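Take a look at the structure set out below.
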Amino acid sequence: MSPIILLSFLVVYFAVLLAVAHFTSKGSSDNSTFFVANRNSKWYMVAFGMIGTALSGVTFISVPGAVGASEFSYFQFVLGNAVGFIIIAYVLLPLYYRMNLTSIYTYLEERFGHTTYKTGAAIFLISRTIGSAFRLYLVAIVLQHFIFDAWNIPFVVTVVICLLLIWLYTNKGGLKTIIVTDTLQTTFLITAVILSIYFMAKGLNFGIVDTFEAVKESSYSKIFFWDDFVGSKANFWKQFLGGIFVTIAMTGLDQDLMQKNLSMGTIKEAQKNMITFTSVFVVINIFFLAVGALLYIYAEKNGIDISQLATRDYLYPEIALNHLAILPAIIFMMGLTAATFATTDSALTALTTSYCIDFLNFNKKENPNDPVLVKQRNYVHFGFSIVMLLVILVFKLINDDSVVNAIFTAASYTYGPLLGLFVVGIATKYAVKDKLVPFICVISPAILYILKTYVIEVYTPYVIGLDLIIINGFITFLLLILTSPGKASDRALSHN
């Protein structure tokens, strides 16, 4: 596949996004537009666009690639995600709407105190920056390998171009722009997945029924794994329960996806958004798994040596870009680009919102839309783009997949304390020792790491998988309760 053709597609793709940004930000680029889209977003657009945000470029290439090793066990996790989304819709969203929040971490100040509030917001900023940088880094490597290496363009230039374009189309309109661009990008993403199935089926001379039967009868289609709860990460209960709590912590307690829900006029619209989003999310993941099965079937039928690939993540791009025709290659690149930038643009906007509200106190200003504050927000938005660039370059400098993945895993540890904090806040009447909270949020992941590395993995057969966040949250919960001074005031409990 010619790199010039792929590059031409990317140029056209971003031209479309910039045009959308121009029209959506026309006449209004104030902070209310940027942070919550003036709270008049259409629930059906948000629901559809959130798919692109929830499914990163890493998901786009990793979920199909992982089918060869873990079959369809990932779908157990997806079912847990669905339950988690429903809990968010009917437990967390009503709380956020009652308090009329812009940043969801403001709840922690009302319930526990100023230090807890700042700790929760800081956890989000660190976790989301590392997580989003990690996702963009992995996809940038694919773009570098298949496109920019042809002209010896340095990796740093590739990343700068990507982040600059994202900054350009999100800077003025913020969330209002993203809701429209994410709707567009989700359309590209879903189209890419469906057409990928079509072109691979065509290459295998399969009709619709043949394709369905081939996937169903393949050795990759097993979904449920009930045995070996202790020693397997694929066990149903680990995957399902992990899916529930990962979703609650990394979606319901994460400013990124919740910011879109808070942009709607009423709680009913936000709940309709979440339920619709959940339905589409489950279905699209079935398609991702089907793509994975077909990739392996296609590779086997066409003698493609998978063992030569540096990682299974390269299987999808390898077949799409080097073994199918031009159109399927462009469609793959469309899906990968859409998934990647729908995640990154949303993250940059959420990071900017959280910092402006939680640390610069925009919500406490007499006029949050003051031109001086708008200018300050622009600086913050640009600053997070630079921070993300630096984190990606650190990943590249390390150039060791095991170390990079360890850093990403370390970031995922931090959502456990957030989970523990919100559970204490919502499910109990306990107060916390506000000044101790930052220390507890550091100690909890450290205790978990020591237990996992030096006790559980050494002395027991138990394998921790997606249940890591449950254990982490439980340790935080226990420490908060054990150090609690007693029942919280009626004022602190008034929003629960």
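From a predicted model like this one, the values you see are computed outputs, not experimental measurements.
One N or O on the side chain of Gln76 and one on the backbone of Ala234 form a donor-acceptor pair closer than 3.5 Å. Under the 3.5 Å distance criterion, the side-chain polar atoms of Thr129 are left unmatched by any main-chain donor or acceptor of Ile126. Looking only at distances, a side-chain donor or acceptor of Asp434 sits under 3.5 Å from a matching main-chain atom of Thr115. Proximity of a side-chain donor or acceptor of Ser385 to a complementary backbone N or O of Leu163 within less than 3.5 Å is not detected. Checked by atom type and distance alone, the side chain of Lys238 pairs as donor or acceptor with a backbone atom of Val230 at under 3.5 Å. The backbone N or O of Ile123 sits nowhere less than 3.5 Å from a side-chain atom of Tyr105 that would complete a donor-acceptor pair. At distances below 3.5 Å, not a single donor-acceptor pair connects side-chain atoms of Ser354 with backbone N or O atoms of Ala350.
In this structure, the ring-ring contact (aromatic ring centres under 6.0 Å, His included) partners of Tyr316, at least two apart in sequence or on a different chain, are Phe60, Phe332. Not counting sequence neighbours, Phe155 has no partner by the ring-ring contact (aromatic ring centres under 6.0 Å, His included) test. Residues forming a ring-ring contact (aromatic ring centres under 6.0 Å, His included) with Tyr96 (at least two apart in sequence, or on another chain): none. In this view, Phe75 satisfies the ring-ring contact (aromatic ring centres under 6.0 Å, His included) rule with no residue, not counting sequence neighbours. Partners of Ile475 according to the side-chain contact (heavy atoms from CB on, under 4.5 Å) rule, which considers only residues two or more places apart in sequence or in another chain, are Ser444, Ile447, Leu448, Leu451, Ile471, Leu479. Listed by chain and residue number, Lys268, Glu269 satisfy the side-chain contact (heavy atoms from CB on, under 4.5 Å) test with Thr266 (two or more places apart in sequence, or in another chain). With sequence neighbours left out, Phe474 forms a side-chain contact (heavy atoms from CB on, under 4.5 Å) with Leu478. Under the rule for a side-chain contact (heavy atoms from CB on, under 4.5 Å), the partners of Ile450 that lie at least two apart in sequence or sit in another chain are Tyr454.
Using a 4.5 Å heavy-atom cutoff, the side chains of Ile286 and Val78 are not in contact. A heavy-atom distance below 4.5 Å is found between the side chains of Leu79 and Phe224. Counting only heavy atoms from C-beta outward, the side chains of Lys260 and Asn273 never approach each other to under 4.5 Å. Using a 4.5 Å cut-off on side-chain heavy atoms (C-beta onward), Val372 and Lys375 make no contact. Looking at Pro417 and Ile440, their side chains never come closer than 4.5 Å, going by heavy atoms from C-beta outward. Looking at Glu110 and Met99, their side chains come closer than 4.5 Å, going by heavy atoms from C-beta outward.
Within the structure, ring-ring contact (aromatic ring centres under 6.0 Å, His included) contacts touching residues 246-275 (residues at least two apart or in different chains) do not occur. Applying the ring-ring contact (aromatic ring centres under 6.0 Å, His included) test to pairs two or more places apart or on separate chains, none has a residue in residues 426-452. Among residues at least two apart or in separate chains, ring-ring contact (aromatic ring centres under 6.0 Å, His included) pairs with a member in residues 256-278 are Phe85-Phe277, Phe277-Phe281.
Distance check: Thr349 OG1 to His381 NE2 gives 5.0 Å after rounding to the nearest 0.5 Å. Note that CG of Leu419 and CD1 of Ile248 are 7.0 Å apart. Values are rounded to the nearest 0.5 Å.
Between the side chains of Thr353 and Gln259, at least one donor-acceptor pair of N or O atoms lies under 3.5 Å.
More than 12 heavy-atom neighbours from other residues, nucleotides or ligands sit within 6.0 angstrom of NZ on Lys118.
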Under 3.5 Å, which donor-acceptor pairs do the side chains of residues 459-466 form with other protein atoms, sequence neighbours left out?
residue, atom, partner, partner atom, Å
Thr460, OG1, Ile456, O, 2.6
Thr460, OG1, Tyr462, N, 3.3
Tyr462, OH, Asp467, OD2, 2.3

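Checked against a 6.0 Å centroid threshold, the rings of Phe77 and Tyr74 count as neighbours.
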